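On a predicted model such as this, the values are computed, not experimentally measured, just so you know. Convention: sequence-line order gives letters A, B, ...; per-chain numbering from 1.
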There are 2 protein chains.
Amino acid sequence: MGDSSRPSRATIADVAREAGVSRTTVSHALNGLGKVNSATRDKVKEVAASLNYRPSVRAQGLRSGRSQALALLSSMPSAVSAGPSQLGFFTELAMGCARIALLKGYVFVLAPPDGDANPVDRLDIDGAILLEPAADDPIAAALSDRGIPFVVIDGPAGERTVDLHHEDTAELLVSHLVERGAQHPALVAGTDRRRSQAAAREVYEAAAARVGFTPLIAEADESDGEDGGYRASARLLAEYPEVDGLIVPIDAFATGAVRAGVEAGRTVGDDLLIATRYDGLRARTSTPPLTAVDLGLDEISGAAVERLVAILDGGSEPDASSASAPTLVVRESTSGPA
Amino acid sequence: MGDSSRPSRATIADVAREAGVSRTTVSHALNGLGKVNSATRDKVKEVAASLNYRPSVRAQGLRSGRSQALALLSSMPSAVSAGPSQLGFFTELAMGCARIALLKGYVFVLAPPDGDANPVDRLDIDGAILLEPAADDPIAAALSDRGIPFVVIDGPAGERTVDLHHEDTAELLVSHLVERGAQHPALVAGTDRRRSQAAAREVYEAAAARVGFTPLIAEADESDGEDGGYRASARLLAEYPEVDGLIVPIDAFATGAVRAGVEAGRTVGDDLLIATRYDGLRARTSTPPLTAVDLGLDEISGAAVERLVAILDGGSEPDASSASAPTLVVRESTSGPA
DNA sequence: CAAGAAAGCCAAATCGATTTGGTCACTTTA
DNA sequence: TAAAGTGACCAAATCGATTTGGCTTTCTTG
C-alpha cells in the first residue's frame, strides 16, 4: 500500500551537499553537459544513486517551459462520442494517441469530453490533439488563446489536420448498399454541421445523381443519441415505404434505426439494409451486427501525434501521411442472416 | 489551427505591474486571501481579465508540491489487459477513473501498460491507482519509493484496496454452469499467480467438492493470449471428452476455448458451455456470444478514485464502499442458440 | 614568458506562482 | 496616552531544477 509517511524526496541540493559540489555541477554531471572532471562526475552519479535521486518533473517543467504532456480534446457531446459503456471512438483514439505519445517521450492526459467545463486551463500540456472541432470551437479558441499548438483530427484540410477520409468512407457505404441491390437508399444524418456530416451528404447526393435514385435525407439531433436515430428512421420509413437501405453514419443513430426497421416490420439485412460508419461496440453487438467501416484509428491517432510532436520538437514535418484508405467491414445488416 | 507565434502568456508579474501593485497583492486579490481593499481587488481582477491572465499550473504545482493529477497504472502484460483493438478492461477502468477524477478536481494521466518501461518517474502525479499488482510489483515499489500514495484495485484486502469480488464472480460462473446442467465443468486458468486466478481456483475446487464433480484445471500462459487458451482447451477436451463446461475467466483465453470446442466437434452453448469473466468486446462479439459477468467497473473505478482523493486531500475516508455485487450476463454460450 | 585557451567549478538568475514576515498608518481599548 | 489591534500593502523566500556568466587554475603556444 502507499506509505503515508511521505519521505520527502532527495533534491538536487541534497545531492550537491552530499557530494561536496555545487548544484550546477550536479546538474552538469547528471545531464552530461559542461566540463566536469570524470572523477567528480562518477562521484556525483554515485551519490545521486545512493540517495535515490530523481529530478522533479515539476521543477524541470517550470524551468524549461515544457511539460512533455499531450492531450486529446473534444467538444463533441459525450453521448455521441463515448457511448454508454465509455468505450468508443474517443476512447479508442485516446489509447492510440497515448501509446505513440509515450514512445515519443510524452505522457498523455485524459480529458473526457464533459460538455460544459473547458479543461484547457487546468491542463499542463505542451500540445493537444483536437477531435472534430465545430466552427467556432470553444476548445480551439482556448488553445489558441494559451498559445498551445494543436493538431486537428478531422477538420478543414491543412498542414495541421489529419484527415479521417470522410469522402472515402461515405463512398464505401453508399456504393456498398447500391451493390447489395438497394434501389432507394436513404441517409440518416446529424443536424450539426461537422465535416463528417457534410461529406456524407455530398457523397450521398452525388451517388444519387450518378446512380439515379432520389436522395432522401432524415435528420436527428446528435445529443438525442439512439432515440434520435430511432425517431428519424421511423418517420422516414413510414413516409417513404419504398426505402430499402439506410446509411446511418452515426452509430448511436444506427442502432436506433435498426429498432425502427424491426418495428416497421422490416428484416434488417434483407429488405432493409443498414450500414454505419464507426466500427465500434455498437456496430458489432447490434442485432443483427452492423456493416461498418474500419477507419484505421490506430494509424490516424499515430499520424496526429507524430505531426504534433514534429511541431513541438521543431524537427522536420513527418512524411506526408501515408494514411491507408478505410475499409469496409461487411456484416449481417447488409448481407442477410449468416 | 494552432498559432505558431506563441504569445508568451501574461504572468502574475505582468498583472502586478499593470495594476500598480505587488505580486503578493495580485495573488491575494485573485485567490480571495489576505486583506485587500475591495477597490484594489476589483482593479486587479479587471487587469487580470484584460490581460487574459491564467495562473501557470506548472508554477502552482512546483510551489504547492501537488500536481492535481492521478494515473492508472498496471504492470500486467498488455496482451491480456488491452487486447488487439485497445479496448478493454484497462481502458474501461481508465475512462471511469478519469471521469470521477475530473469531478474531484484532478486530471488523469494515461499510462498504457507498456511491459518494460516503468513510467512512474516521468509522471507528475499526486497519487495513483494500481491495477492488480503482482507480488513484488515493480510499479508498486517505484510508487512507494517516490512517496506517491496509491490505491490498489484488486489486491490483498486492506484499507487501500478496492475489491473486484473475485470470489463472487467465480461463484457466479461455476454455479451458473452447474445450473445449466454441466456435469463436468473444467477450469481454464492462467499460470500467473494473481488474485483473480487464485480465487477462481479456490471457488472452483470448493464447488467441485460441494457439488460432487472431479476438478479439472488446464493452464495457459497469459502472454500467449487467445492461442494459449485455444491450446489448453484443445488438450483438455481431447484428453477428457466428458468435459461439458468450461470456466475461462480470461476473455482472451475464452475465445480460444470456443475455437477449440468447435474444432472438437462440440456445439458451444449446447454440449459445451463456456463462460468468461470480463464482459468486454471479446465476450460480446464472440460467436456465439459469451456468458460473462458485469463487474461494475464504473463503480469500482469510482470507489478507487474517491478513496485515493480522500487520502490525498486528507479528509475523512469515504463510506465503506457499498460496492454492489457483480451480476451475470447470460448469453448463447451457456444458453444454446437463441 | 606573457597572452590566450581550456578545464573545472560555482554563485546567482531564472521559470511563475504562493507564503512568510514584515512596514506603515490608523483605530481601539485600558 | 501608551499599548494593542487591524487594515492594506509589499519585499523576499520558497518550491527544484537549468543556465548564464563568472572566477580560478593549469596548460599551450607564438
Side chain to side chain donor-acceptor pair (under 3.5 Å) filter on B:S22, not counting sequence neighbours, yields B:T25

Run the side-chain donor-acceptor check on residues 132-143 of chain B: report pairs under 3.5 Å with partners two or more places apart or on a different chain.
{"residue": "B:E132", "atom": "OE2", "partner": "B:S196", "partner atom": "OG", "Å": "3.3"}
{"residue": "B:D137", "atom": "OD1", "partner": "B:S75", "partner atom": "OG", "Å": "3.3"}
{"residue": "B:D137", "atom": "OD1", "partner": "B:I139", "partner atom": "N", "Å": "3.0"}
{"residue": "B:D137", "atom": "OD1", "partner": "B:A140", "partner atom": "N", "Å": "3.2"}
{"residue": "B:D137", "atom": "OD2", "partner": "B:S75", "partner atom": "OG", "Å": "2.5"}
{"residue": "B:D137", "atom": "OD2", "partner": "B:A134", "partner atom": "N", "Å": "3.1"}

Can you check the B:L30 CG to D:dC9 P distance for me, whole Å? 14 Å

Return all side-chain donor-acceptor pairs below 3.5 angstrom for residues 150-158 of chain B, not counting sequence neighbours, or 'none' if the list is empty.
{"residue": "B:D154", "atom": "OD1", "partner": "B:H166", "partner atom": "NE2", "Å": "2.8"}
{"residue": "B:D154", "atom": "OD1", "partner": "B:R195", "partner atom": "NH1", "Å": "2.9"}
{"residue": "B:D154", "atom": "OD2", "partner": "B:H166", "partner atom": "NE2", "Å": "2.7"}

In B/S/- notation, 5' to 3', how is nucleotides 24-29 of chain D contacted by protein heavy atoms closer than 4.0 Å? ------

Write down the protein N/O and nucleotide N/O pairs, taken from nucleotides 8-12 of chain C, whose separation is under 3.5 Å; answer none if there are no such pairs.
{"residue": "C:dC9", "atom": "OP1", "partner": "A:T40", "partner atom": "OG1", "Å": "2.9"}
{"residue": "C:dC9", "atom": "OP2", "partner": "A:N37", "partner atom": "N", "Å": "3.0"}
{"residue": "C:dC9", "atom": "OP2", "partner": "A:T40", "partner atom": "OG1", "Å": "3.2"}
{"residue": "C:dC10", "atom": "OP2", "partner": "A:S22", "partner atom": "N", "Å": "2.7"}
{"residue": "C:dC10", "atom": "OP2", "partner": "A:S22", "partner atom": "OG", "Å": "3.2"}
{"residue": "C:dC10", "atom": "OP2", "partner": "A:T25", "partner atom": "OG1", "Å": "2.8"}
{"residue": "C:dA11", "atom": "N6", "partner": "A:T24", "partner atom": "OG1", "Å": "2.5"}

Taking the side chain from A:R307 and the backbone from A:R160, do they hold a donor-acceptor pair closer than 3.5 Å? no

Output the rounded distance in Å from CZ (A:R66) to P (C:dG16). 15 Å

Using the salt bridge (Lys or Arg N to Asp or Glu O under 4.0 Å) criterion, which residues pair with A:R23? Sequence neighbours excluded. none

Does the B:D298 side chain pair with the main chain of B:G96, one donor and one acceptor, at a distance under 3.5 Å? no

Sequence neighbours excluded, the answer for salt bridge (Lys or Arg N to Asp or Glu O under 4.0 Å) partners of A:R41 is none

Residues B:Y106 and B:R66: side-chain donor-acceptor under 3.5 angstrom: yes

Rounded to whole Å, please give me the gap between CD1 in A:I12 and P in D:dC15. 14 Å

Salt bridge (Lys or Arg N to Asp or Glu O under 4.0 Å) filter on A:D42, not counting sequence neighbours, yields none

Taking B:T161 for the side chain and B:D163 for the main chain, is one N or O donor matched with an acceptor at less than 3.5 Å? no

Starting from the first five and the last five pairs of the helix from C:dC1-D:dG30 to C:dA30-D:dT1, work out the angle between the resulting helix axes, to 10 degrees. 50°

Can you list everything that forms a side chain to side chain donor-acceptor pair (under 3.5 Å) with A:S301? Sequence neighbours excluded, please. none

Side chain to side chain donor-acceptor pair (under 3.5 Å) partners for B:D121, two or more places apart: A:R54, B:R146

Determine whether a donor-acceptor pair (N or O, by modelled atom type, separation under 3.5 Å) exists between the side chain of A:D313 and the backbone of A:A310. no

Heavy atoms within less than 4.0 Å of DNA chain C: which residues of residues 53-64 of chain A have one? Give them sorted by number. A:L62, A:R63

Calculate the interatomic distance between B:R17 atom CZ and C:dA17 atom C1'; express it in whole Å. 15 Å

